[in-house]
Amino acid sequence: MPGGLFAVYVHWPFCLSKCPYCDFNSHVSAAVDHDAWRRAFENGIARTAALTPGRTVTSVFFGGGTPSLMEPRTVETVLEAIARHWTLDRRAEVTLEANPTSVEAGRFADFAAAGVNRVSLGIQALNDTDLAFLGRTHSAEEALDAIAIAKRSFPRSSFDLIYARPGQTVRSWQDELQQALDLAAGHLSLYQLTIEQGTRFATLHARGAFEMPDDDTAGALFETTREHLAAAGMPAYEISNHARPGQESLHNLTYWRYGDYAGIGPGAHGRLTIDGRKLATRGHRAPAIWLPRALSEDGHGDHVPEEVSPQEQATEILMMGLRLAEGVPLSRFESETGKPLHEWIDARKIDALRGEDLLSPEKETLRATDSGMQRLDGILKYLLG
Amino acid sequence: MTKPLAHIRNFAIIAHIDHGKSTLADRLIQTCGGLEEREMKEQVLDSMDIERERGITIKAQTVRLAYKAKDGIEYQLNLMDTPGHVDFSYEVSRSLASCEGSLLVVDSTQGVEAQTLANVYQALENDHEIIPVINKVDLPAAMPEEVAKEVEDVIGLPAADAVFCSGKSGIGIGELLEAIVRKLPPPLEGDETKPLKALLVDSWYDSYLGVVILVRVIDGTLKKGMRIQFLNTRAVRDIDRVGMFTPKPVLIDELGPGEMGFITASIKDISETQVGDTITEEKRQCTERLPGFKPSVPMVFCSLFPVDAKQFEDLRDALGRLKLNDASLHYEPENSQALGLGFRCGFLGLLHMEIIQERLEREYDLDLIPTAPSVVYHIYKTNGEKMELYNPVDMPDVVRIDHIEEPWIKATILTPDEYLGGLLQLCEERRGEQITLTYAGHRAMMEYYLPLNEIVFDFYDRLKSISKGYASFDYEIYGYRESDLVKMEIKVNGEPVDALAMIVWRKNAEKRGRQLCERLKELIPRQMFKIAVQAAIGGKIIAAEHISALRKDVTAKCYGGDVTRKRKLLEKQKKGKAKMRQYGNVDIPQSAFINALKMGDDK
Ligand SMILES: Nc1nc2c(ncn2[C@@H]2O[C@H](COP(=O)(O)OP(=O)(O)OP(=O)(O)O)[C@@H](O)[C@H]2O)c(=O)[nH]1
Ligand SMILES: C[S@@+](CC[C@H](N)C(=O)[O-])C[C@H]1O[C@@H](n2cnc3c(N)ncnc32)[C@H](O)[C@@H]1O
Ligand code: SF4
Ligand SMILES: [Mg+2]
């Protein structure tokens, strides 16, 4: 929607090593031609902006991969290109994902100078044993240092932890959470470890190398997390994201509120409203394919965009929006899909979920309750599948 | 040229299940050179996948062999291999009605069993000459002399006539072939000059040949190009092929009196071919019809509904084709409020039912919802009306029922005496009433009256497990009797599951209800809702189980990049949902119901 939120996601696909749980589009590469990537990003931005002229960008997110391995100059070039081809809101939230090694923390000041005002650190665990299990190359001590430097370098910062690790107990997680709360600067992302297909963990787990917590344990960990953080003034505003009120990530909220976003880089996705139609864009996943195409004069690194039908939009709005504590305002749902909710979904199903206290009874908003949040996949399957 | 009658022998191979009929047929085919060595495989006549997988014969098969006997004459042997399992006895009875002699195969390690007896009586009814064949003499545990004596004592056939042989090793096969030509009679009548009169023995659908008809010629000659008429269905067709099975299909010029073989006649409408019909020449008709076959009487009923309502017509076609191939299958359309359009099907037994369901799913690619197997109840209403109840769902309200009658059977069980205790107990548990208990050597013969309802589910499996497979079982319908029966419903979150409704004896209801609920608890996956599974009689809950809700079921990370993939996943799940049934607010995989019904009463 012109005038509303408009986010730009930039994907940096390289890491120093591949973590065993990670299924992101990330690659370990010996040599990266930073100049070429800079030009390719600029081209990508120019082409996407040509489709969506006149927008005001409200947030930019450098994700990965490990964007803290980018040259600060690249970040600067990208932000300049965004400002040139669109309008970059003066108050725009500009986030960079960073890994907490000492090398990267050393560049935080340069990133801030380039225009980054928020950093999201991949801490993952606060003890060395678990960091080793997760295949991370940093130590707990480095993590603490990085958090401190980040707080000094950027107005806003956040960090990620992965929980529901093998053998983790509610007790030990509560202690770790308390430590995290003491370190946090208003925002925390707390993800339950997921065994993703095609990762090293998937193979190890299938071979029985370690055992994941059962549903009941994972459920108890999830509940503890929500309760503990809410009590500390950082309630969950999304399934895995906690913030002090006002400190939510505007960029990620744009996804969950189904606002428009441009995806720049290999494997980056976008959702663009053009002439009343919703287009899904997608960059070629392999850096070796995306880069030369994005650099060529006439071509570009994206697949042919696909139109998202109103039915599909309805599905996506609910898939994303029900993750949020605020839920989906039905007026917005109706104006975006063109029809009221009950035209898409059997009202009896909604009533059944409300009756079971999985959806809240409010009439203006579709919102999952606490117990609904925990079973959201089932709810979505029930409503949309 | 057709064979003179005196040089033809038509016979069936009959026995209890697994006594070695099909293996014996292999040796006869091989010895007579019907197949080349490299074409030979074990039980070559069991050609359906399902037969080979299960190692049992389901369809009777007819093969023509040429045997040069010691008297120097080349005889034409038409051999019919039949199934041994009770559920396929209609195949046996039709085969017996189409020929003049039988080889009664008895496993020399097992002796006479229930189906041995049942088949002998049928063969005698058809005035057959019978040669007892004491089989599997190659086995160390074989007791051919004792078994031959048993044949004499229990069946009354002279043991001196018995042939000792092994279908596996080939011992005694030469002797058996000589016995066939010397002891079995040639076709009794048959006049080449009379108008054509032939019996429609069997028919089936073949993907190359179309509808194939197996015939036995009585009088006259069947030739390619002849215009024939089916006397019962009145259909008129031109014969386009005449052939025989060696067991490979081989085209020949004609079939004369006494001979067996197949014809095809571009038949499209399968209702034109009725087993037992008389085939004649259209322009020169025979004067009388053949007596045909006694219709089969279905014992067990269940209804089949397509999961996808669009497959209703496909189901009708598939049943039609199976019926062509299996005259003991009965079906008629049914309209259920809960399950939509489907068919009520009648079977000779549970194995028959299972095989038909499996063939429909495998050979015709249909997804089916079967209802619980049931028998036919007679309901006498307070207003004086009598109704036949096939599907428990249709049971009238109790206040309108005066009384209910259920079918009883007379069962014959033969068992080594060491298992007698366990089997007596089984019969008692199943409401059995003993008629007689007699001994022959180490074997006991039990005769019982039992409600058919108690047999339908798992009686046969229990009998086999109690007796380690040694006991054998046969039954016939005895009649209807009044019983204290109730309709038990299974409810999932308060909604009745039609497919699981069943009629049970009141005193057993609670136990059955409990078993079924426990079983469903194991079979239904946990979901986001708590699920209540209840068994109820007339609104009163008699057993209940709860399936607790999933504690947690949520994706941890979901950002802009994941939407498309996650949406497509959901859309895919929607398609998979066709195999689920929805009850109230829960989705239950179809397989859970089917498996729940397969339960034994082991617990
Ligand atoms: N040792 C030995 N085994 C045999 C002989 N004949 C059959 N068998 C075995 O007995 C089993 C049953 O043989 P089948 O020929 O399929 O028996 P059937 O009577 O045709 O069985 P149904 O058609 O299902 O009633 C198979 O495992 C055969 O290998 C024999 O003469 N000797
Ligand atoms: C794009 S990723 C990683 C960014 C950065 N390269 C890093 O490793 O810190 C964002 C976050 O997703 C989380 N994550 C990735 N894979 C995960 C998995 N399999 N299970 C749970 N969380 C995961 C991690 O917490 C990670 O920090
Ligand atoms: S978790 Fe982060 S550092 Fe590890 S492989 Fe994935 S993107 Fe790279
Ligand atoms: Mg057989």
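Sequence lines set the chain letters: A, B, ... in the order given, protein chains first and strands last, and positions in each chain run from 1. Computed over heavy atoms, backbone and side chain alike; hydrogens, waters and symmetry mates excluded. Predicted model only: the values in this text are computed from it and were never measured.
Donor-acceptor pairing under 3.5 Å is recorded for the side chains of A:T225 and A:W173. Looking at A:E97 and A:S120, their side chains never bring a donor and an acceptor atom within 3.5 Å of each other. A donor and an acceptor atom, one from each side chain of A:D377 and B:T555, are located under 3.5 Å apart.
Nearest heavy atom pair, residue B:I531 against residue B:N493, reads CA-OD1, 3.3 Å.
Contacts between A:L358 and chain B at a heavy-atom distance below 4.5 Å involve the side chain alone, from C-beta outward. Residue contact with chain B, scored on non-hydrogen atoms closer than 4.5 Å, is absent for A:A268. Of the atoms belonging to A:Y261, it is side-chain heavy atoms, and not backbone ones, that fall under 4.5 Å from chain B. Neither the backbone nor the side chain of A:D214 comes within contact range of chain B, judged by heavy atoms closer than 4.5 Å. With a 4.5 angstrom heavy-atom cutoff, A:Y163 does not touch chain B via any of its atoms. Using a 4.5 Å cut-off between heavy atoms, A:D346 makes no contact with chain B at all. For a residue to count as touching a neighbouring chain, one of its non-hydrogen atoms must lie under 4.5 Å from one of that chain's; by this rule A:R348 does not touch chain B. Contacts of A:D215 with chain B are made by both backbone and side-chain atoms, with heavy-atom separations under 4.5 Å.
Among A:R323, A:R271, A:R282, A:E223, the residue with the largest count of heavy-atom pairs under 4.5 Å with chain B is A:R323. In terms of non-hydrogen atom pairs under 4.5 Å with chain B, the most contact-rich of A:H11, A:M373, A:E306, A:R375 is A:R375. Comparing A:G372, A:A7, A:A220, A:S189 by heavy-atom pairs within less than 4.5 Å of chain B, the highest count is held by A:A220.
Centroid-to-centroid, the aromatic rings of A:H303 and A:H284 come within less than 6.0 Å. Between B:Y390 and B:F301, the distance separating the two ring centers is shorter than 6.0 angstrom.
For B:R362, the side chain to side chain donor-acceptor pair (under 3.5 Å) partners are B:E53, B:E358, not counting sequence neighbours. For A:F61, the ring pair (Phe, Tyr, Trp, His ring centres under 6.0 Å) partners are A:H251, not counting sequence neighbours. Residues forming a ring pair (Phe, Tyr, Trp, His ring centres under 6.0 Å) with B:F343 (at least two apart in sequence, or on another chain): B:F312, B:Y331.
Contact check on A:E326 versus A:R257 returns a salt bridge, with a Lys/Arg side-chain nitrogen under 4.0 Å from an Asp/Glu carboxylate oxygen.
Scanning residues 556-564 of chain B against chain A with a 4.5 Å non-hydrogen threshold yields B:A556, B:K557, B:C558, B:Y559, B:G560, B:G561, B:V563, B:T564, sorted by number.
Distance CD1/B:I547 to CG/B:L520: 7.5 Å, rounded to 0.5 Å.
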